[in-house]
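Order of the sequence lines fixes the chain letters, A, B, ..., with proteins taken first and strands second; residue numbering starts at 1 for each chain.
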There are 2 protein chains.
Amino acid sequence: MQSPRDITELAERARALTGRTLREVASAFAEQHTGSRVHRKGKLGQLVEQVLGASAGSRQVPDFPALGVELKTIPLDAQGRPRESTFVASFSLADAESACWERSAVRHKLAHVLWIPVHVDEPEPRFGAPLFWRPTHAQEQVLRGDFDDIMGMVAIGHVEELTAHLGRWLQARPKAAHGRVRTVAYGAEGPQLALPRGFYLRARVTSALLRDPATLAFSE
Amino acid sequence: MQSPRDITELAERARALTGRTLREVASAFAEQHTGSRVHRKGKLGQLVEQVLGASAGSRQVPDFPALGVELKTIPLDAQGRPRESTFVASFSLADAESACWERSAVRHKLAHVLWIPVHVDEPEPRFGAPLFWRPTHAQEQVLRGDFDDIMGMVAIGHVEELTAHLGRWLQARPKAAHGRVRTVAYGAEGPQLALPRGFYLRARVTSALLRDPATLAFSE
DNA sequence: TAGGATCCAGCTTTGGATCCTT
DNA sequence: AAGGATCCAAAGCTGGATCCTA
């Protein structure tokens with residue numbers, strides 16, 4: 001599928017998925033694109049990328065580079081809620097000191113997100129209604145605060161206090177590539193070993209966001 | 001046992017328990033006080049009250065009225081941490097509007113606490129080191145903030161949003177006396193049924209407090 | 001019955017581990 | 001190996017229920 005030319009076209013493609021089953025969408029797509037290099041049904045994310053025409057390059061750029069939009073498929077359980085937190089970006093403990101929110105991958109990835117919910121617990125998994133999200137100014141302050149808290153903890157060398165509890169909307173969790181890649185951070189007590197980490201959006205937050213993006217408030 | 005005359009005497013009695021088993025303490029106490037109205041070994045709290053000479057009256061006053069000290073025995077698990085949140089005081093939804101921190105039972109009960117930890121998961125349960133705690137000014141601000149948040153929620157009639165999630169150190173939890181006593185609160189939508197509630201200190205907080213009272217900071 | 005403490009089923013969260021594609 | 005998504009056991013938390021003594 002070609003890249004959408006503008007947000008409107010992307011929105012139309014996304015809306016067209018609502019209520020349809022993965023199976024339907026996958027087979028319809030396969031029929032129309034028999035010539036192209038179609039990966040078999042593959043993983044959910046890949047299917048959605050292809051159907052919506054996201055660029056499948058390596059990601060230092062958004063999924064829709066021309067539009068500046070990041071694509072996130074998000075699995076929902078039987079009650080319509082995300083089961084898991086959502087990965088945003090990984091970070092290295094080493095460059096915590098030089099990190100700043102404005103230039104962070106987290107801010108860029110979350111600046112404009114197209115959420116594609118998928119009800120995966122139904123007998124025949126089905127797409128939900130898509131949502132474009134741009135954090136409001138107030139929402140961005142919460143994200144920035146979490147980012148600063150987390151990076152600040154690392155920067156002063158308190159890696160052992162960096163738990164997934166920290167952060168209201170964003171949390172830092174282990175991102176265990178092979179379970180043995182370790183990053184060295186230089187803290188007050190010298191070099192420390194630590195697992196690589198990633199920023200994640202709490203499930204509670206994405207749940208509230210999908211339910212009612214307008215009222216996602218500080219109380220979450 | 002007579003009431004301690006001053007804090008020093010109370011502290012000495014409390015320190016004398018450290019490391020001793022409940023059994024030892026209970027039988028030693030029984031021997032010395034055969035004449036007095038001794039309740040059988042009874043519950044842990046009662047034993048400690050008797051051994052330390054707390055007044056056993058009904059409690060609108062502190063356990064040591066002359067000293068203004070509240071006594072709290074706190075069970076610790078095998079890792080030395082409290083398993084449960086600690087009950088502080090109950091409250092009625094009806095008088096939330098007129099409630100204020102300064103006159104609250106919560107503030108008075110927590111103004112000066114003598115914590116007596118008991119390692120209950122060991123084969124022979126044993127007393128830990130006692131701790132006198134007076135909240136610092138900063139700590140009291142956290143408690144006050146939680147109190148205001150909780151009471152505020154009730155005062156505006158949002159009883160259904162009053163969950164145990166609210167509050168950093170204090171939380172409101174059901175205090176189900178017989179499971180059917182219900183309190184009526186008058187909110188925006190008229191009278192509402194609700195379980196009676198109590199203020200509790202989160203286990204995370206008492207845990208940090210007992211481990212290192214000086215560094216119990218805002219991050220908890 | 002009130003104050004207070006303890007118990008506990010079920011749910012949620014954490015802290016990784018595993019898996020996949022590029 | 002990097003980027004990303006999903007899986008899962010253990011631990012922690014919530015929302016009561018139960019129990020105890022005065």
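Atom CD1 in A/I150 sits about 11 Å away from atom P in C/dT14, given to the nearest Å. Between A/L76 atom CG and D/dA5 atom P there is a gap of 14 Å when expressed in whole angstrom units. When the P atom of D/dG16 is taken as reference, atom CD of B/E160 falls 13 Å away, rounded to whole Å. For B/Y200 and C/dT6, the OH to C1' distance is 10 Å, given to the nearest whole Å. In this entry the distance linking CG of B/D63 with C1' of C/dA5 reads 13 Å, nearest Å. For the pair B/F199 CZ and C/dG3 P, the interatomic distance rounds to 14 Å; values are reported in whole Å. Atom P of nucleotide C/dT14 and atom CG of A/L162 are separated by 12 Å, given to the nearest angstrom. In this structure, B/R81 atom CZ and D/dC13 atom C1' are separated by 13 Å, rounded to whole Å.
Side chains of B/S27 and B/R23: a donor-acceptor N/O pair is absent below 3.5 angstrom, by distance only. Side-chain contact check for B/Q139 and B/W133: at least one donor-acceptor pair (N or O, by modelled atom type) lies under 3.5 Å. Side-chain contact of B/R211 with B/S207: a donor-acceptor pair under 3.5 Å is present, judged by distance alone. A donor and an acceptor atom, one from each side chain of A/R173 and A/S85, are located under 3.5 Å apart.
With salt bridges taken as basic N to acidic carboxylate O contacts below 4.0 Å, one links A/D121 and A/R83.
Listed candidates were C/dT13, C/dA5, D/dG12. Nearest to the side chain of A/R204 is C/dT13. Proximity note for B/T163 (side chain, C-beta onward) versus D/dG15, C/dT14, C/dT6: the nearest is D/dG15. Relative to the side chain of A/K72, the nucleotides C/dG15, D/dA5, D/dG3 differ in distance, and D/dA5 lies closest. Out of C/dG4, D/dG15, D/dG12, the shortest distance to the side chain of B/F87 is found at C/dG4.
Evaluation of the side chain to side chain contact (heavy atoms under 4.5 Å, CB included) rule for A/H119 yields A/L76, A/E122 as partners, not counting sequence neighbours.
Between B/L71 and A/R202, the residue anchored nearer the 5' end of DNA chain C, judged by the nucleotide with its closest heavy atom, is B/L71.
Not a single donor-acceptor pair, N or O on each side, falls under 3.5 Å between the base of C/dG16 and the side chain of A/K175.
For the OP1/OP2 pair of C/dT14 and a distance below 4.0 Å, the side-chain nitrogens and oxygens of A/Q171 include at least one atom meeting the criterion. The side chain of B/H165 contributes an N or O atom lying less than 4.0 Å from OP1 or OP2 of D/dT14.
Using cut-offs of 30° and 60° on the angle between ring planes, the pair B/F87 and B/Y200 is perpendicular.
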Enumerate all atom pairs, one protein N or O and one N or O from nucleotides 7-9 of chain D, separated by less than 3.5 Å.
residue, atom, partner, partner atom, Å
D/dC7, N4, A/E84, OE1, 3.2
D/dC8, N4, A/E84, OE2, 3.4

